[in-house]
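A short worksheet on the structure shown next.
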Amino acid sequence: MQVQRLEHSKLAIIGNVDSGKSTLVGVLTKGILDDGRGGARERVFNYKHEKENGRTSSVAQEIMGFDENLKQVLPERFNQNKNKYWSLVVEKSKKIVTFLDLCGHEKYLKTTIFGLVAMIPDYSLIIVGANMGVSKMTREHLGVSLFLKIPFAIVLTKIDIAPQNVYNETIENIKALIRSPAIKRTAVVFDEKSGMDEIDKWAALMHGNNVVPIFQVSSVTGNGLPQLTRFISRVPNRDEINKAYQTLNDPFQFDIQENFNVPGVGVVVSGIVRSGKAGLNQHTLLGPDKGKTFKPVTIKSIHINRVAVESAQVGEFACFALKPSKAGDKLDRADFRKGMILIDPAVKPEPVIEFEANIHVLHHPTTMSHGYQAVMHCGVIRQAVEMKKIFQHEVLRTGDVDTVRLRFLYAAEYLKTEQILVIREGRTKIFGYISKLITDKQLEDEKKVQVIPNQQQQQQQQQQIQQV
């Protein structure tokens with residue numbers, strides 16, 4: 001069992017389709033160069049169809065390990081079995097950097113938004129193909145990173161095949177974008193001649209969210225990779241200043257991202273610890289299900305980075321094997337739905353179906369009014385919501401800021417005030433945060449208040465009829 005806690009940070013890899021994201025992750029984490037025909041990315045993909053068409057359609061996770069001198073740890077030989085490969089890396093490392101390889105294609109934008117909202121990365125690496133330039137999806141991903149307040153760096157890939165004029169134009173466009181009024185940050189360009197001390201200095205300043213380092217690399221020739229690796233090893237963890245997390249002393253909460261049925265083990269859930277810590281044989285509540293209830297379960301085993309450990313704490317990705325706390329209860333994958341959590345029973349969680357949010361409409365092609373429906377992302381929750389009330393405007397257009405009342409269309413969810421939300425539908429993008437939760441009791445009181453005027457109206461009408 002692992003006793004000491006490893007220092008860790010999480011990097012989201014985003015950018016346009018075909019910019020070389022999965023290839024770069026494969027090259028960095030496996031310590032190999034690409035063959036120019038997709039050899040490196042095949043070691044990163046999760047599914048067969050991704051290998052066949054070369055496009056990421058799910059969230060792939062890979063790790064880089066660094067020793068006490070922050071030199072990269074690589075096993076003596078590559079092992080395709082992730083469990084063995086990861087355990088070899090973790091065994092010799094003092095710091096682990098987790099890469100979240102997200103999708104670039106517009107078709108999979110919802111998966112990318114889920115990765116950025118639910119997995120709470122410390123930083124984003126925005127990958128730009130030097131031969132392709134800054135595309136619409138690059139700006140889209142950059143905008144989401146900006147709103148979620150995730151500091152980002154830019155990596156120019158394919159510098160070995162980019163024509164010089166296109167390459168120069170791409171760098172100038174990126175610098176202009178970073179200087180623009182919407183971003184207003186300082187661009188710092190690094191190349192293969194950049195000194196390591198200079199990189200260390202700027203990496204330490206990353207959590208301040210004022211600088212944007214620009215790296216230039218080739219996954220085939222290896223140019224610029226030592227500088228990028230050095231930067232990745234030096235960026236500090238942001239858990240303590242990240243408002244998406246609570247502290248180690250707060251009650252335990254774990255956001256479930258995926259669930260599995262492992263032969264011989266049973267139900268296993270993976271996700272991120274948002275608050276407090278969990279230990280072996282700890283009793284927690286699993287929910288809310290469609291009936292708004294929570295089921296008592298016990299944590300039987302914990303894995304972090306595919307290695308068995310005794311506890312998991314705030315900010316860490318973890319897998320828990322669960323079993324029902326009550327004798328005779330059953331737990332299987334049919335009991336799970338998207339948006340479920342594990343939470344300390346002392347919290348006495350109350351799911352809500354309606355809530356109020358302060359929102360900013362970044363883009364919408366027409367107008368939105370009462371009854372508008374779209375999908376909302378908030379932590380691991382992704383569910384369609386309906387706009388029940390707009391407080392200041394009659395209709396909402398691009399650029400409007402307002403408070404709205406929203407209602408989940410299918411099931412109640414466990415929410416907290418100040419949580420960030422993203423609402424999307426096609427190219428519509430709305431960002432905001434939850435300002436007020438409306439309990440079932442408040443909803444009942446509102447219905448009673450509405451019923452009384454209706455009864456008075458009916459009585460008046462009957463009186464008028466009798467007089468006639």
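- Counting only distance, with no hydrogens or angles, the side chain of Asn237 and the backbone of Asp239 share a donor-acceptor pair below 3.5 Å.
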Between Val297 and Phe320, is the side-chain contact (heavy atoms from CB on, under 4.5 Å) condition met? List the steps.
CA-CA 11 Å; Val297 294; Phe320 297 151; over 6 Å; no
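- Annotation for Tyr245 and Lys10: closest pair OH-NZ, 3.2 Å, computed over non-hydrogen atoms.
- Under the 3.5 Å distance criterion, the side-chain polar atoms of His141 are left unmatched by any main-chain donor or acceptor of Ile13.
- Val269 places none of its side-chain heavy atoms less than 4.5 Å from the side chain of Glu258.
- Side-chain atoms of Thr157 come within 3.5 Å of backbone atoms of Ser19 as a donor-acceptor pair (strictly under, hydrogens ignored).
- Atom CD1 of Ile174 sits about 5.0 Å away from atom CD1 of Ile154, to the nearest 0.5 Å.
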Salt bridge (charged side-chain N to carboxylate O under 4.0 Å, His left out) for Glu42 and Arg37? Distances and angles first, verdict last.
CA-CA 10 Å; Glu42 287 201 1; Arg37 293 186 297 279; over 6 Å; no
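- Residues that satisfy the ring-ring contact (aromatic ring centres under 6.0 Å, His included) test with His364, not counting sequence neighbours, are Tyr372.
- The minimum heavy-atom distance linking Lys175 with Ala187 is given by the pair CG-CB, 4.5 Å.
- Looking at Ser275, its side chain does come within 3.5 Å of a backbone N or O of Pro251 through a donor-acceptor pair.
- Checked by atom type and distance alone, the side chain of Gln313 never pairs as donor or acceptor with a backbone atom of Leu248 at under 3.5 Å.
- A cation-pi contact, defined as under 6.0 Å to the ring centre and within 45° of the axis, is absent between Arg55 and Tyr108.
- Screening Leu100, Leu142, Val144, Ile126 against Ile14 for a side-chain contact (heavy atoms from CB on, under 4.5 Å) leaves a single residue, Ile126.
- The environment of NZ in Lys82 is crowded: more than 12 heavy-atom neighbours from other residues, nucleotides or ligands sit within 6.0 Å.
- Within 6.0 Å of CD in Glu198 there are more than 12 heavy atoms belonging to other residues, nucleotides or ligands.
- For the side-chain contact (heavy atoms from CB on, under 4.5 Å) test with Gln227, the passing option among Asp191, Ile199, Ile232 is Ile199; the others fail.
- Using modelled atom types and a 3.5 Å distance limit, the side chains of Asp160 and Thr221 yield no donor-acceptor pair.
- Side-chain contact of Thr247 with Asp250: a donor-acceptor pair under 3.5 Å is present, judged by distance alone.
- Using a 4.5 Å cut-off on side-chain heavy atoms (C-beta onward), Asp101 and Glu62 make no contact.
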For Glu169 and Asn165, run side chain to side chain donor-acceptor pair (under 3.5 Å): C-alpha distance rounded to whole Å, both residues' side-chain angles, the deciding distance at 0.1 Å, then the answer.
CA-CA 6 Å; Glu169 190 183 330; Asn165 61 326; 5.8 Å; no
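- Looking at Asn83 and Arg306, their side chains do bring a donor and an acceptor atom within 3.5 Å of each other.
- Looking at heavy atoms from C-beta onward, Leu421 lies in side-chain contact with Ile434 at the 4.5 angstrom threshold.
- Between Leu415 atom CG and Cys378 atom SG the span is 5.5 Å, to the nearest 0.5 Å.
- Between Phe45 and Ser22, the closest heavy-atom pair is CE2-OG, 3.6 Å.
- Here the CG-OG distance, from Asp122 to Ser9, works out to 5.5 Å after rounding to the nearest 0.5 Å.
- Contact detail for Thr29 and Val25: the closest heavy-atom pair is OG1-O, 2.7 Å.
- Looking only at atom types and distance, the side chain of Arg185 has no donor-acceptor partner in the side chain of Asn210 under 3.5 Å away.
- A cation-pi arrangement is present between Lys30 and Tyr85 under the rule of less than 6.0 angstrom and at most 45 degrees off the ring axis.
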Go through the steps to decide whether Lys416 and Gln253 satisfy the test side chain to side chain donor-acceptor pair (under 3.5 Å), and finish with yes or no.
CA-CA 12 Å; Lys416 289 181 179 175; Gln253 184 185 329; 3.0 Å; yes
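- Between Ile381 and Asp255 the shortest side-chain heavy-atom distance does not fall below 4.5 Å.
- Ring geometry, Phe231 versus Phe215: the interplanar angle falls from 30° to 60°, so the pair is classed tilted.
- The shortest side-chain heavy-atom distance between Glu425 and Val375 does not fall under the 4.5 Å cut-off.
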Evaluate the side-chain contact (heavy atoms from CB on, under 4.5 Å) criterion for residues Val90 and Ile63: first the C-alpha distance (whole Å), next the side-chain angles of each, then the deciding distance (0.1 Å), finally the verdict.
CA-CA 9 Å; Val90 170; Ile63 60 168; 4.0 Å; yes
Go through Phe431 and Leu362 one step at a time and tell me if the side-chain contact (heavy atoms from CB on, under 4.5 Å) criterion holds.
CA-CA 7 Å; Phe431 291 112; Leu362 254 69; 3.3 Å; yes
Working note: Leu396 + Ile359, criterion side-chain contact (heavy atoms from CB on, under 4.5 Å); need CA distance, chi angles, decisive distance, verdict.
CA-CA 10 Å; Leu396 291 174; Ile359 61 164; 3.9 Å; yes
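- Here Tyr123 and Phe152 keep their ring centres 6.0 angstrom or further from each other.
- Contact between Val27 and Ala40 at its shortest, heavy atoms only, is CG2-CB, 3.8 Å.
- Using a 4.5 Å heavy-atom threshold, the side chains of Leu102 and Thr56 count as separate.
- Considering Glu140, His360, His363 in turn, Glu140 is the only one that fulfils the side-chain hydrogen bond (donor to acceptor under 3.5 Å, both in side chains) rule with Lys429.
- Partners of Phe408 under the ring-ring contact (aromatic ring centres under 6.0 Å, His included) rule, at least two apart in sequence or in another chain, are Phe355.
- Gln72 contributes a side-chain N or O that, together with a main-chain N or O of Leu28, makes up a donor-acceptor pair within less than 3.5 Å.
- Ionic pairing of Lys295 and Asp335 is present here: one or more N-O contacts between side-chain nitrogen and carboxylate oxygen are shorter than 4.0 angstrom.
- Around the CZ atom of Phe260, the shell of radius 6.0 Å holds more than 12 heavy atoms that belong to other residues, nucleotides or ligands.
- For the atom pair CZ of Arg41 and OG of Ser219, the computed distance is 11.5 Å after rounding to the nearest 0.5 Å.
- Between Gln246 and Arg274, the closest side-chain pair of non-hydrogen atoms is not below 4.5 Å.
- Side-chain contact, Thr138 with Asn16: no donor N or O sits under 3.5 Å from an acceptor N or O.
- Between atom CG of residue Asn173 and atom OG of residue Ser135 there is a gap of 11.5 Å, rounded to the nearest 0.5 Å.
- At a cut-off of 3.5 Å, with distance as the only test, a side-chain donor of Glu50 or Ser57 sits close to an acceptor on the other residue.
- Sparse packing is recorded around NZ of Lys48, with 12 or fewer heavy atoms of other residues, nucleotides or ligands lying under 6.0 Å away.
- Rounded to the nearest 0.5 angstrom, Gln282 CD and Thr298 OG1 are separated by 9.5 Å.
- When side chains are defined from C-beta on, Arg424 counts as touching Lys110, because their heavy atoms get closer than 4.5 Å.
- Using modelled atom types, one side-chain atom of Thr229 and one backbone atom of Leu225 make a donor-acceptor pair closer than 3.5 Å.
- Of all heavy-atom pairs spanning Trp202 and Val188, the tightest one is NE1-CG1, 3.8 Å.
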